[in-house]
Amino acid sequence: MDLLGCSAVRFPNTYLRRSPLRPCSAAVSFCLCRSSMSLPFPEQKAKYYRELEAAVDVVERACRLCIDVKSSLFSNDDRILEKKDQTPVTIADFGVQALVSLEMNRLFPSIPLVAEEDSSFLRSTNLIGSVVDVVVDKATLRDKATEDSVLKAIDRGGKDACTFGPKPATYWVLDPIDGTRGFVKGVEALYVVALALVVEGQIVLGVMGCPNWEEDYFVNRATGVQETGSNFSRSGMIMVSHLGCGTWKQRLSDMLTIKLPQSWTRCYVDGCQVLKEARFCTPESQKWESLPLSSSFNAKTNSDKIGKGDILLVPACCGSLCKYMMVASGRASVFLLRATTRKVMKKISGYAPAWDHAVGIICVHEAGGKVTDWEGSSIDFAADQIARRTIFPSGGFLVTNHRLHNEILGLISSNSPVI
């Protein structure tokens, strides 16, 4: 039975242990028509090769959708909306979620989707037609992208779409645009389209697309100064990861050409072993003084002025996932994030949306890094047993090149009470 092909919004738990994952027969021809050389490792080494191949394709198209919308963003005021929580959201957010939902449901109809948006806010506007237009332009089956199907596709990933229960579950996790504020800032701001697959509690693959990534940007290991190579280009980047196969990147501009293994570059975290020499990145919304390491180090953004008791803070615009990309690609050594807090049952708990971290975690792990909460525990994506939408780290997230992880955990423990 095709449980996700119907219009119902809640699904039983019987499909959640389906393995191995493979596309439905109607989608096999689509998957097979894509080059078997499109990924940087052979199919026999990757259990979820077809899933990753499809994810790379749809994230690339989603990035193109974002670029197209952004090109007209500032010439058409009604393309920028404001949600009740004051987070800017655009036609691109809804368009990406609809596109990914439509494509992955067509290829893998038994796998549900956990995503950031739902259509309730969009339905209250007059922009549904604009969302449909951008989805039709990038969808495989354009005649299927109607107003009704696009709204249902968005809601397929929404908060009321699926009830999982306590058993191990398999599902996609999507952040249509992480760093929407960056999306609306201008051409140089970073934002990320992110898709991950969780199989029975384990993240097995992830794809991040960053259209504004400066591919030839790097940090001089000796001086800590940000530099660009002679072939500097803001050509964007796709980062992919598969359990046991590493993390890889490719220029987004190259995705339009024939995909060959040599066009991918393997990603590794940096080799920094001395904390004072590490490059840190933090959220723009959290000042360094609010983080536990601030009692041990002052943060400076100019490498020429780093003195005793100082660390280098590397600027990185907007959402958290670009910081994961910074660590996975070796541009930063550490990403430190305090979780949002709320009172639950008379106890203060930290929480975060699953889509802000799932794909980043596997990309950092497969690049040789480490991600835990502030107590050193792994991030549990099954803690939210009902909806799998929320994760509950103690204190916050610590993302490192692995070599510095235990030392920083020690400093956090000694300098800050962990939630």
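In this chain, residues are counted from 1 in sequence order.
- No side-chain donor-acceptor contact under 3.5 Å links R251 and S263.
- When every heavy atom of L252 is checked against every heavy atom of P211, the shortest pair comes out as CD2-CA, 3.8 Å.
- With hydrogens and angles left out, the side-chain atoms of T90 and D93 include a donor and acceptor closer than 3.5 Å.
- A distance of 5.0 Å separates SG in C66 from OH in Y191, rounded to the nearest 0.5 Å.
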From CA spacing to verdict: side chain to side chain contact (heavy atoms under 4.5 Å, CB included), I408, L293
CA-CA 8 Å; I408 296 176; L293 267 63; 4.0 Å; yes
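- No donor-acceptor contact under 3.5 angstrom links the side chains of E289 and S294, judged on distance only.
- Of the candidates F335, F297, W288, F280 forms a ring-ring contact (aromatic ring centres under 6.0 Å, His included) with just one, namely W288.
- In summary, the side chains of S320 and H357 do not present any donor paired with an acceptor at a separation below 3.5 Å, with no hydrogens or angles considered.
- Crowding of K276 atom NZ: a count of heavy atoms from other residues, nucleotides or ligands under 6.0 Å exceeding 12.
- Checked by atom type, the side-chain pair T170/E200 shows no donor-acceptor distance below 3.5 Å.
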Yes or no on side chain to side chain contact (heavy atoms under 4.5 Å, CB included) for L205 and E51, after CA distance, side-chain angles and deciding distance?
CA-CA 8 Å; L205 65 84; E51 291 79 8; 3.8 Å; yes
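- The two residues T247 and A367 have their closest heavy-atom pair at OG1-N, 3.5 Å.
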Which is it for W172 and W355 under the side chain to side chain contact (heavy atoms under 4.5 Å, CB included) test, yes or no, and what are the steps along the way?
CA-CA 10 Å; W172 297 103; W355 47 80; over 6 Å; no
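- Side-chain contact of D155 with S119: a donor-acceptor pair under 3.5 Å is present, judged by distance alone.
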